[in-house]
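Just so we're clear, the structure is a prediction, and the values are computed from it rather than from any experiment.
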Amino acid sequence: MNNVAATHIIRFILLLLVQVLICNNINFLGYVNPYVYIVFILLFPIRDTRLTLLLVSFLLGMLVDMFSDSGGVHAAASVALAYSRPVILKSSFGMLYEHQSIKFSNTDIGNLITYVTLATILHHFILFALEIFNISSVILILKKTLFSTIFTVIVSVLIIILFSRNRK
Amino acid sequence: MQQIFNFVIKNKTFLLFLLLFGISLALTIQSHSYHRSKFINSANGLTGGVYGTFNSIDKYFDLNDQNEILVEENKRLRQIIYNYKTDTDSSYIDSTFISSKYRVTVANVYKNSYSLSNNYLTINKGEKDSIREDFGVITSKGIIGIIDNTSKSYATVLSILNKKSRINAKLKATRHIGSLKWNGNSPLYVQLVDVSNFAPVKVGDTIETGGESTIFPKGIGIGIVESYDTDIIGDTYTIQVKLFNDMSNIGTVYILENLDKKEIETLENSVNE
């Protein structure tokens, strides 16, 4: 158990640093950045209580906000993602989730991509809606959501595949 | 009472979600509405320390560019010195008797963003270097922004690429004033609004600071006129200004403190009363 906790703490710190030091400065085509720190929320153990997940997601989002001077937008999006994670898990993994037997390290790649995509769209839409905070620029919100989602999904799936042990 | 406890225990996940989401929303709304006094900002020991460590590695990759910027600035300053000497050759002025109006501090940029809709910079000077809110920040090419939050050894700068930024500016040629804003679209352009349409604007004209506020001295460069059109009502111009500064590549900045600021503000307040 201690070993698992240590893994998650290290993952938390590493993803936070990668996000604020590298991913926030990519600015592909001027404004497209991947937000890979949500990998932490996606890979949080399923059997653990949801309260812990909510609190840890809030802390992670708040730290990203602190580093990027963005008020509370990352915290809000992360908390929303953490709260709705069971629904997304159920819709992308179906039976596996109901039997509580998902192992992210050896799931079907199609299911994994569905899961990451759904979660990323939700997270990014809330993030950009709150960041721009103006209904009249809804096109800009959707545009940023679309492009950043593509970028984030590619990078996140690669991270999950590369760093998962014994994938066939 | 029992039922209330039962309700709380049954819905604890949802209630915790509401609480945390509410806190983040409140922080978001606060950061959109108030000019200052933000609760969560990157002017603190943790973020400053992390950015500082990374910056000390990162700045080696940027040395060539920064050297070129310094050479450019030296060239410009030398030109001023040589011209100054020939101009005032006959009537020598002892500079020790001229009281200086602005105190200049040099700072390194630890974090810079330009792709969000509200951008901030983090710099490595703070209260212990007597940096306070509302000091102006410039580079050798033009203005960057205004100091927003300070901590002991770091400060955040409200960039001109921020929807909350309002800076007094004027046309260099005719001294018609306007207010400098950003519409959030491109980091290369800012907008000068509320310019009277008596002003003879030409594409390529220089825009500089107006000197009406106590933050920036008069005549610091901002950019050149790229295009302009009249307002919907038709009595003011909105001018697209192409910035002199490349906002995506800023290494060293100068912080300006107006030493007469208190005096000016007391005078203006006494007039208002």
Side chain / backbone / both / neither for Phe58(A) at chain B, heavy atoms under 4.5 Å: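 When you check distances to chain B, only side chain atoms of Phe58(A) fall under 4.5 Å.
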Ring centres under 6.0 Å, that's the criterion: do Phe147(A) and His124(A) meet it?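 No, the ring centres sit 6.0 Å or more apart.
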Give the member of Thr28(B), Thr122(B), Asn119(B), Leu20(B) that has the highest number of heavy-atom pairs under 4.5 Å with chain A.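 The residue among Thr28(B), Thr122(B), Asn119(B), Leu20(B) with the greatest pair count is Leu20(B).
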Among Tyr51(B), Tyr114(B), Phe21(B), which residue has the highest count of heavy-atom pairs closer than 4.5 Å to chain A?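 Maximum pair count with chain A is reached by Tyr51(B).
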Donor-acceptor under 3.5 Å ([X] side chain, [Y] main chain):
| X | Y | answer |
| --- | --- | --- |
| Arg50(A) | Tyr83(A) | yes |
| Asn124(B) | Ser153(B) | no |
| Asp129(B) | Gly126(B) | yes |
| Asn168(B) | Ser179(B) | no |

Of all heavy-atom pairs between [X] and [Y], which one has the smallest distance, and what is that distance?
| X | Y | answer |
| --- | --- | --- |
| Pro34(A) | Cys23(A) | O-CB, 3.5 Å |
| Lys144(A) | Leu116(B) | NZ-CA, 4.4 Å |
| Phe67(A) | Lys111(B) | O-CD, 3.3 Å |

Answer whether the closest heavy-atom distance between the side chains of His123(A) and Phe128(A) falls below 4.5 Å.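 Not touching, per the 4.5 Å side-chain cut-off.
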Sort out for me which of [options] touches chain B most, counting heavy-atom pairs under 4.5 Å.
| options | answer |
| --- | --- |
| Ala75(A), Ser57(A), Gly61(A) | Ala75(A) |
| Val73(A), Ile132(A), Leu130(A) | Leu130(A) |
| Asn134(A), Leu63(A), Leu55(A), Leu53(A) | Leu55(A) |
| Val32(A), Asn27(A), Asn24(A) | Asn27(A) |

Structural part of Phe54(B) lying under 4.5 Å from a heavy atom of chain A: side chain
By a 4.5 Å heavy-atom criterion (distance strictly below it), what part of Ser113(B) contacts chain A: side chain, backbone, both, or neither?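 Interface part for Ser113(B): neither.
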Filtered by a 4.5 Å non-hydrogen cutoff, the part of residues 236-252 of chain B contacting chain A is none
Look at the rings of Phe17(B) and Phe14(B) and say which category their plane angle falls in: under 30° parallel, 30 to 60° tilted, over 60° perpendicular.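 Aromatic pair Phe17(B)/Phe14(B) classed tilted.
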